[in-house]
Asks: 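Here it is, the structure, as structure tokens.
Just so it is clear, the values below take in all heavy atoms, side chains as well, and ignore hydrogens, waters and symmetry mates. Residue numbers begin at 1 in each chain, while the letters A, B, ... track the order of the sequences.
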Number of protein chains: 2
Amino acid sequence: MPRPARVSPEKILAAAAAEFAERGYAGARVDRIARRARVNKAMLYYHFASKQGLYRTLLRQVFGAIATQLQAIAATESLDPAAKLDAAVATLAVHIEAHRYFPSIMLREVADGGTHLDAETLAALAAVPAAFAAILRPGIANGAFREMHPIAAYFTTIAPILMFVASGPVRTQIVSRKHVQLPGSPLTTDAFLADLTTSLQRAFAAAPVRQKRS
Amino acid sequence: MPRPARVSPEKILAAAAAEFAERGYAGARVDRIARRARVNKAMLYYHFASKQGLYRTLLRQVFGAIATQLQAIAATESLDPAAKLDAAVATLAVHIEAHRYFPSIMLREVADGGTHLDAETLAALAAVPAAFAAILRPGIANGAFREMHPIAAYFTTIAPILMFVASGPVRTQIVSRKHVQLPGSPLTTDAFLADLTTSLQRAFAAAPVRQKRS
DNA sequence: GTCTATACCCTGATAGAC
DNA sequence: GTCTATCAGGGTATAGAC
């Protein structure tokens, strides 16, 4: 039988995601999370032991979700290496579109050095580069991609996506000021991703036998 | 005549850089900054009006310093486009090595959406991509690089550098746990930068006339 | 310019009724 | 499970002596 719909924990997690993404762990306020979730603060502490406990639970979920999606791509045997790389970027993009808080949380956790995380949450975080490495591995093995370190490829791929999306608000603020400019015309996320995809395919492709220009 | 050596403000700024990098704006403690700088907290408020004022002054300096270095590369006429790109990456790397706090602060400010910044500080931040765009411009103009949006190229270049370096602590924490792994062997910053340089040269180079493999 | 002491607010967390 | 009331600790900032 379907367990009684405990809507509170899910609503709290959703509110926490938004709050932690906007303010970071230290800047987040438990009061604000409770208000956003429309639950009483005592209720929040009833479901989650503490601010830290809530944070860890949230991050385990966030990292787990994205790792699972990347693992699915790695396991799809019908895709050739280049298609898998494109699929990884596209999947990241779709996931971010549906979960706007993801980039900021990832960036903040990197900057925080994993201070607020326990072993289990760190493991969930580590699953993300592991899944990405699994996506690239066949391509490197069969010579479609050049020899490269999986961690290097990982950061070369996801860092631009995360930072571009997360920087949306700053870029908006900069452009909205008089006398301050950003080079080039406004750049949409789709256009950015298209450009990045081109860059990554060229960056990772096995070196052409001869490629000379004078 | 040389103005009396006011060592305090510089020491405070240095301490603030470390504290804000490690904890972020919200997580930073004025007490701790004062203690790190070995000055009294009242002294800190004497030189800087507030925590926010200190933060803005620091960031203006941080962003200004890196923008200046990139502008110098852009202005060096003896370098060809590919060399300028390599020089930009190398300069970023050297600057980060000398100022370890830089990547975390940049990441955090992106995630924070520029909330704590005033117009002047935002302008200093905007000068960084502007300088980078100036580095690439001649290469795009003369056909050495492919057509690409300067902002796309900017994030494709600096995001990996910033995130790789800033993620040092998390990666260390992950690896230090039993039962949690990161793919590949340990990756040094130098090896990462070498790989990234290769990736970027290929990513930005004008499309070779023909590059086919079957 | 430098320091001590302190005001005052905010925040995470809990007690205890219902 | 849900809510009100409240506390203890720690945070920014300043007053005022030297």
Side-chain angles (χ1 to χ4, degrees), chain A residues 1-60 105 108-109 111-112 115-118 121, chain B residues 1-60 105 108-109 111-112 115-118 121:
Chain A
M1 56 186 162
R3 158 183 323 142
R6 298 185 318 155
V7 56
S8 291
E10 283 73 18
K11 269 171 59 182
I12 293 169
L13 253 351
E19 176 76 3
F20 284 125
E22 283 172 24
R23 318 260 187 173
Y25 181 80
R29 296 294 168 247
V30 176
D31 278 334
R32 215 152 30 203
I33 295 174
R35 199 150 32 80
R36 288 176 107 135
R38 303 197 185 190
V39 300
N40 193 279
K41 183 167 57 162
M43 203 57 223
L44 186 155
Y45 279 100
Y46 174 80
H47 286 296
F48 302 90
S50 63
K51 180 184 181 179
Q52 193 184 56
L54 172 58
Y55 187 68
R56 290 174 176 175
T57 304
L58 170 69
L59 289 216
R60 247 174 282 151
I105 286 183
R108 289 184 194 280
E109 207 40 60
D112 280 343
T115 333
H116 320 293
L117 306 185
D118 54 2
T121 314
Chain B
M1 56 188 162
R3 155 184 325 142
R6 298 185 317 156
V7 55
S8 292
E10 283 72 18
K11 269 171 59 182
I12 293 170
L13 253 350
E19 176 76 4
F20 284 124
E22 282 172 24
R23 319 259 185 171
Y25 181 79
R29 296 294 167 251
V30 175
D31 277 333
R32 214 151 30 203
I33 295 174
R35 200 150 33 78
R36 287 177 108 135
R38 305 198 184 191
V39 300
N40 192 280
K41 183 167 55 164
M43 202 58 223
L44 187 154
Y45 279 101
Y46 174 79
H47 286 296
F48 302 90
S50 62
K51 180 183 181 179
Q52 194 184 59
L54 171 58
Y55 187 67
R56 290 174 176 176
T57 304
L58 170 68
L59 289 218
R60 247 173 282 152
I105 287 183
R108 288 183 193 281
E109 207 40 60
D112 280 343
T115 332
H116 320 294
L117 306 185
D118 54 1
T121 314

Asks: Can you tell which of C:dG1, D:dT12, D:dG1 lies closest to the side chain of B:V30?
Replies: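 Comparing C:dG1, D:dT12, D:dG1 against the side chain of B:V30, the answer is D:dT12.
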
Asks: Between A:E22 and A:R32, is there a side-chain N and carboxylate O pair less than 4.0 Å apart?
Replies: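 Judged by the 4.0 Å cut-off on N to carboxylate O distance, A:E22 and A:R32 do not form a salt bridge.
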
Asks: For a quick check of understanding: with a heavy-atom distance under 4.0 Å over all strands, which category does B:A28 fall into, base, sugar-phosphate or nothing?
Replies: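 The residue B:A28 makes sugar-phosphate contact but no base contact.
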
Asks: May I ask you to say what A:A26 touches in the nucleic acid, namely base, sugar-phosphate or nothing, with a heavy-atom cut-off under 4.0 Å?
Replies: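 Nothing, no nucleic acid heavy atom in range.
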
Asks: Hey, is the side chain of A:Y46 poking within less than 4.0 Å of OP1 or OP2 on D:dG1, counting only N and O atoms?
Replies: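 Yes, within the criterion.
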
Asks: What integer distance in Å separates B:Y45:OH from D:dG11:P?
Replies: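 After rounding, the gap between these two atoms is 12 Å.
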
Asks: Taking CG from B:N40 and P from D:dT14, how many angstroms apart are they, rounded to a whole number?
Replies: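 Distance check: B:N40 CG to D:dT14 P gives 15 Å.
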
Asks: Quick one: A:Q52 CD to C:dT11 C1', roughly how many Å, whole number?
Replies: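 Taking CD of A:Q52 and C1' of C:dT11, I get 16 Å after rounding.
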
Asks: Rounded to the nearest Å, what distance is computed from the NZ atom of residue A:K51 to the P atom of nucleotide C:dT14?
Replies: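 So the NZ-P distance, A:K51 to C:dT14, works out to 14 Å.
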
Asks: Tell me: CZ of A:R38 to P of D:dC3, nearest whole Å?
Replies: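 Rounded to the whole Å, the gap is 13 Å.
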
Asks: Think A:R29 has a side-chain N or O under 4.0 angstrom from the OP1 or OP2 of C:dC10?
Replies: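 So the side chain of A:R29 is outside the cut-off, no N or O lying under 4.0 Å from OP1 or OP2 of C:dC10.
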
Asks: Would you say that B:D112 contacts B:E109 through its side chain, given a criterion of any heavy-atom pair below 4.5 Å between the two side chains?
Replies: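 Yes, their side chains come closer than 4.5 Å.
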
Asks: Please check if the side chain of A:E19 supplies one atom and the backbone of A:V30 the other of a donor-acceptor pair under 3.5 Å.
Replies: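 Absent.
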
Asks: Given atom CZ of B:R35 and atom C1' of D:dT12, what is their separation to the nearest angstrom?
Replies: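 Nearest whole value for this atom pair: 16 Å.
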
Asks: Any idea how A:Y55 and A:F20 line up, ring-wise: parallel (<30°), tilted (30 to 60°), or perpendicular (>60°)?
Replies: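 The arrangement is perpendicular - the two ring planes meet at more than 60°.
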
Asks: If you check every side-chain atom of A:A42, which of C:dA15, D:dT2, C:dG12 has the closest atom?
Replies: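 Shortest atom-to-atom distance from the side chain points to C:dA15.
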
Asks: Kindly indicate whether the side chain of A:T57, heavy atoms from C-beta on, has any atom under 4.5 Å from the side chain of A:T121.
Replies: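 A side-chain contact under 4.5 Å is absent here.
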
Asks: Between atom NZ in B:K11 and atom C1' in C:dG1, what is the gap in whole Å?
Replies: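 After rounding, the gap between these two atoms is 14 Å.
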
Asks: Mapping A:K41 and B:H47 onto DNA chain C by nearest heavy atom, which one lands closer to the 5' end?
Replies: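 Checking each residue's closest nucleotide, the 5'-ward one belongs to B:H47.
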
Asks: Distance check needed: C:dT11 P versus A:R32 CZ, whole Å only.
Replies: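 To the nearest whole Å, that distance equals 7 Å.
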
